[in-house]
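Worksheet: one structure, shown below.
In this text, all values refer to a predicted model and were calculated from it rather than measured experimentally.
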Amino acid sequence: MPGAADGRAHLFNGRTAERYRRSVTDGVGLVAATVARAERPFTGITPAELAPEISGIDLERPLGDPDAALKELESVYLKDAVYFHHPRYLAHLNCPVVIPALLGEAVLSAVNSSLDTWDQSAGGTLIERRLIDWTAERIGLGDAADGIFTSGGTQSNLQAMLLARDEACTLVEKEAIAAGETIAKSAILPRLRILTSQVSHFSIQKAAAILGLGYEAVIPVPCDRDRRMRTVSLAHELDRCRREGLIVMAVVATAGTTDFGSIDPLPEIAELCARHGTWLHVDAAYGCGLLASPTRRHLLDGIERADSVTVDYHKSFFQPVSSSAVLVRDRATLSHATYHADYLNPERSVEKLIPNQVDKSIQTTRRFDALKLWLTLRIMGSNALGALFDEVVERAAGAWALLDTDPRYEVVTEPQLSTLVFRYVPPTGDGSVPDLVDRANLHAREALAASGEAVVAGTVVDGRHYLKFTLLNPETSLRDIAFVLDLLAEHAGQYLALHIEPELSHSRAS
C-alpha cells in the first residue's frame, strides 16, 4: 500500500512545483480541447446510464498516474458535462466565464488562502474589502457601507434576513425599555413578517425557516402583468401588519426575478419602506450586471436606498461559481453576525485594528473568490463586463420579438433583462385539452435535452407549464434561438399528433 512518502510526492510545495505545473497544464489542455470540440451543450445522457460508470470505480485502488486519472475523468465527467459556454445552452442562470476569472481561480486554488482572518490571507483580505467598496460605490450605498463575499445568492439573502431580523428585534427591545417594560426576543419572533413579491426567489422562504420564523412568516405580495411587485398591494400589507400588531422586519424587492427577469419598482418600494421605518433588502443576484452596464444602469434606480443588497457576480459578471456578496448601508449592522473566538478573532484584534473578515461573515473558512473579480476588472475593466451583459439583454429583446410574432408560441411578458417565459400553443382547435398542451410542452423540453441539441428550462405560471430561455451568453445569436424554437415546436407537435385524438375522444366521452 502507498505510504507517507508516496503521499508527500503529491503535496504542492517548492520541491513539487514542476510536477504541479505539468499536471495543471495537462488538465487545462484537456478542458480546452474538450470545449473546443463541443458541438452541443449536452450529450443527453441519463442518470441511469452514467451512474453505473461512476459507482463502478473502486476508490480504494488509486490510478497513481495523472494521465490515467484525466483519461478516466474525461469518460465519467467531461464527456457528458453540461457546457454553459455553448450558445444553445438557454436554461438556467449559468453564465459562460471570462478567462481572467479562470486565471484567478487557478491562482486562488493553489495558494489556498482562507479569508476568515488576516493572518491567513493578508493581501487577500484587502483585495476583497476593496471590491466590496467598489460594489457599494456602484450601488450608491454611501460611505458607511460594507459587506462580505458569500457562496451565492441564497447565503447572501440568508445573511441579509438575519441582519434585518436582529435589527427589528433590537428596535422593539429599545422601545419596550423606553416604555419602562422588558420583552424577550422569543416573544418578538412570532410577530415578525417578511414582505416580498409572489415571484421572488425561494431562498427568502428558506431563510425565514432557518432563522426560526417559519415559512408562513413570508407574505407574498401580488404582482402586475409584468411580474413586478404591486406597490399598492405592498402598502396594503404594510398597513394590515401594523393594525394586527405584526412587525415587518423586511421588505424584499427583487432586481431580476429568476423566472421573468422582472425588476420591482425600487423607488416606490424604497419610499414605502422609509415611511414605515422598514428594512429594505434588494435581491439583485441576477440584475447586478446592470451595475456595470454602460447603457442600462438606470434600471436599478432606487437600489441606492436599500439597507442591504445581494449581488451574484457568478450570474451576470461572468464569474465562475462561487462569487457572490451581501452589502449593507450601515456597516454596524454586520455586528449581528459577529462572534469572537479566542483562537481565531479575539476581541483584542478589533482594538488593534486587525481586519478579520470572519467578523462580518456567517462562514468561517472562506475561499478567496474575490480574486476572480479582481483580475477580471484589472484585465478587462468594468465597461467590457457591462457591455457583455448589455448584449444578452439586447438578445432577449430580439428573441421576444421573434416569439411575439410566432403563432406557435405565447410569451408571458416582455423582458426587462434576459429571461423569456413562453409556451407552445397548438393550432386552433387543438388546445381544448389544456393538460395535454402542458404535457406537450414538458415533452418538448425533455426531448430537446435528450437530443443534446439545446437545453432550455421550464417553470409553472398560473398553474400551467411553460418553457423558459435564460440568455446569459453573448455568443448566442437570434439564429440559435430560432433554431431552438423550431426544434421545440417539432417535438411538441409530434407529441400532440400522437395524443390529441385519443385525449379528445376521452374528453367527449366523459
(request) Let me see the working for Asp435 and Arg464 under salt bridge (charged side-chain N to carboxylate O under 4.0 Å, His left out), right down to the final yes or no. (result) CA-CA 8 Å; Asp435 289 345; Arg464 290 297 169 194; 2.8 Å; yes
(message) Between Leu266 and Asp301, does the side chain to side chain contact (heavy atoms under 4.5 Å, CB included) criterion hold? Intermediate values first, please.
(response) CA-CA 7 Å; Leu266 302 180; Asp301 284 353; over 6 Å; no
(request) For the pair Leu213 and Leu189, evaluate side chain to side chain contact (heavy atoms under 4.5 Å, CB included) and give the outcome as yes or no after the intermediate values. (result) CA-CA 6 Å; Leu213 309 177; Leu189 295 181; 4.0 Å; yes
(request) Starting from the C-alpha separation in whole Å, work towards a yes-or-no answer on side chain to side chain contact (heavy atoms under 4.5 Å, CB included) for Phe389 and Leu385. (result) CA-CA 7 Å; Phe389 193 63; Leu385 273 178; over 6 Å; no
(request) Show your working on side chain to side chain contact (heavy atoms under 4.5 Å, CB included) between Val97 and Lys372 and close with a plain yes or no. (result) CA-CA 10 Å; Val97 294; Lys372 296 176 286 192; over 6 Å; no
(request) List the steps and the verdict of side chain to side chain donor-acceptor pair (under 3.5 Å) for Asp312 and Ser324. (result) CA-CA 4 Å; Asp312 267 11; Ser324 179; 2.5 Å; yes
(request) Decide yes or no on side chain to side chain donor-acceptor pair (under 3.5 Å) for Ser262 and Asp226, but give the supporting numbers first. (result) CA-CA 7 Å; Ser262 49; Asp226 293 320; over 6 Å; no
(message) Run the side chain to side chain donor-acceptor pair (under 3.5 Å) test on Ser322 and Ser151 for me, step by step, so that the C-alpha distance in whole Å, both residues' side-chain angles and the decisive distance to 0.1 Å come before the verdict.
(response) CA-CA 5 Å; Ser322 300; Ser151 66; 5.5 Å; no
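Looking only at distances, a side-chain donor or acceptor of Asp307 sits under 3.5 Å from a matching main-chain atom of Leu280. Between the Arg329 side chain and the Gly142 main chain, no donor and acceptor come within less than 3.5 Å of each other. Under a 3.5 Å cut-off, the side chain of Thr254 and the backbone N or O of Gly256 do not form any donor-acceptor pair. Side-chain atoms of Gln159 come within 3.5 Å of backbone N or O of Lys360 as a donor-acceptor pair. Remark: the backbone N or O of Tyr339 is paired with a side-chain donor or acceptor of Asn345 at under 3.5 angstrom. A side-chain donor-acceptor contact under 3.5 Å links Asp438 to the backbone of His465. Without hydrogens or angle criteria, Ser55 side chain to Ala51 main chain gives a donor-acceptor distance under 3.5 Å. Of the possible donor and acceptor atoms, none in the side chain of Glu137 sits under 3.5 Å from a partner among the backbone N and O of Thr135. Looking only at distances, a side-chain donor or acceptor of Ser109 sits under 3.5 Å from a matching main-chain atom of Glu105. A donor-acceptor pair under 3.5 Å links the side-chain atoms of His314 to the main chain of Ser323, judged by distance alone.
Between Arg348 and Glu351, no side-chain nitrogen of the basic residue sits less than 4.0 Å from a carboxylate oxygen of the acidic one, so the salt-bridge criterion is not met. Salt-bridge check for Asp462 with Arg225: failed, with every basic side-chain N at 4.0 Å or more from each acidic carboxylate O. With salt bridges taken as basic N to acidic carboxylate O contacts below 4.0 Å, none links Arg191 and Glu244. Taking a cutoff of 4.0 Å between a charged side-chain nitrogen and a carboxylate oxygen, Arg138 and Asp133 do not qualify as a salt bridge. Between Glu128 and Arg366, at least one side-chain nitrogen of the basic residue sits less than 4.0 Å from a carboxylate oxygen of the acidic one, meeting the salt-bridge criterion. Note on Arg242 versus Asp239: salt bridge recorded, some NZ/NE/NH1/NH2 to OD/OE distance being below 4.0 Å.
Here the side chains of Val221 and Gln198 are not in contact, with every heavy-atom distance at 4.5 Å or above. Asn94 is not listed as a side-chain neighbour of Leu472, based on a closest heavy-atom distance of 4.5 Å or more. When side chains are defined from C-beta on, Val392 does not count as touching Asn473, because their heavy atoms never get closer than 4.5 Å. Between Trp279 and Cys273, the closest side-chain pair of non-hydrogen atoms is not below 4.5 Å. Residues Leu344 and Gln120 form a side-chain contact, since some pair of their non-hydrogen atoms from C-beta on lies under 4.5 Å apart. Val311 has its side chain out of reach of Ser156: every pair of non-hydrogen atoms, C-beta onward, lies at least 4.5 Å apart. No side-chain heavy atom of Tyr313 sits under 4.5 Å from any side-chain heavy atom of Asp369. When side chains are defined from C-beta on, Thr257 does not count as touching Arg228, because their heavy atoms never get closer than 4.5 Å.
Ring geometry for His92 versus Tyr89: interplanar angle of 30 to 60°, hence tilted. Ring planes of Phe422 and Tyr409: perpendicular class, angle over 60° (limits at 30 and 60°).
Atoms CZ and CD1, from Arg130 and Ile127 in turn, are 11.5 Å apart once rounded to the nearest 0.5 Å. In this structure, CZ in Phe317 is found 11.0 Å from CE in Met380, a value given to the nearest 0.5 Å. Taking OG1 of Thr196 as the start and CG of Asp283 as the end, the distance is 8.0 Å to the nearest 0.5 Å. Distance CG/Asn157 to CG/Leu162: 12.5 Å, rounded to 0.5 Å. His276 contributes atom NE2, which lies 10.0 Å from atom CG of Leu195 (distance to the nearest 0.5 angstrom). Taking NE2 from His443 and CG from Leu448, the interatomic distance works out to 10.5 Å, rounded to the nearest 0.5 Å.
Shown here for Val218 and Pro220, the closest heavy-atom pair between the two residues is O-CD, 3.5 Å. Taking each heavy atom of Leu50 and Val76 in turn, the nearest pair found is CD1-O, 4.0 Å. Here the closest non-hydrogen pair linking Ile269 and Met229 is CD1-SD, 3.9 Å. Between Val248 and Cys241, the shortest heavy-atom distance links the atoms CG2-CB, 3.7 Å. Between Leu471 and Ser418, the shortest heavy-atom distance links the atoms O-OG, 2.7 Å. Minimum heavy-atom separation, Leu272 to Thr231: CD1-O, 3.6 Å.
With no hydrogens or angles considered, no side-chain donor-acceptor pair links Asn356 and Thr117 at under 3.5 Å. Ser293 and Asp390 form a side-chain donor-acceptor contact under 3.5 Å, judged by distance and modelled atom types alone. Residues Gln319 and Thr376 have side chains that bring a donor and an acceptor to within less than 3.5 angstrom of each other. Side-chain contact annotation: Thr310 with His281, donor-acceptor N/O pair under 3.5 Å present.
The side chain to side chain donor-acceptor pair (under 3.5 Å) with Lys468 is formed by just one residue from the set Thr258, Asp259, Thr419; it is Asp259.
Atom CG of Asp143 sits in a sparse spot, with 12 or fewer heavy atoms from other residues, nucleotides or ligands closer than 6.0 Å. Within a 6.0 Å radius of OH in Tyr77, other residues, nucleotides and ligands contribute 12 heavy atoms or fewer.
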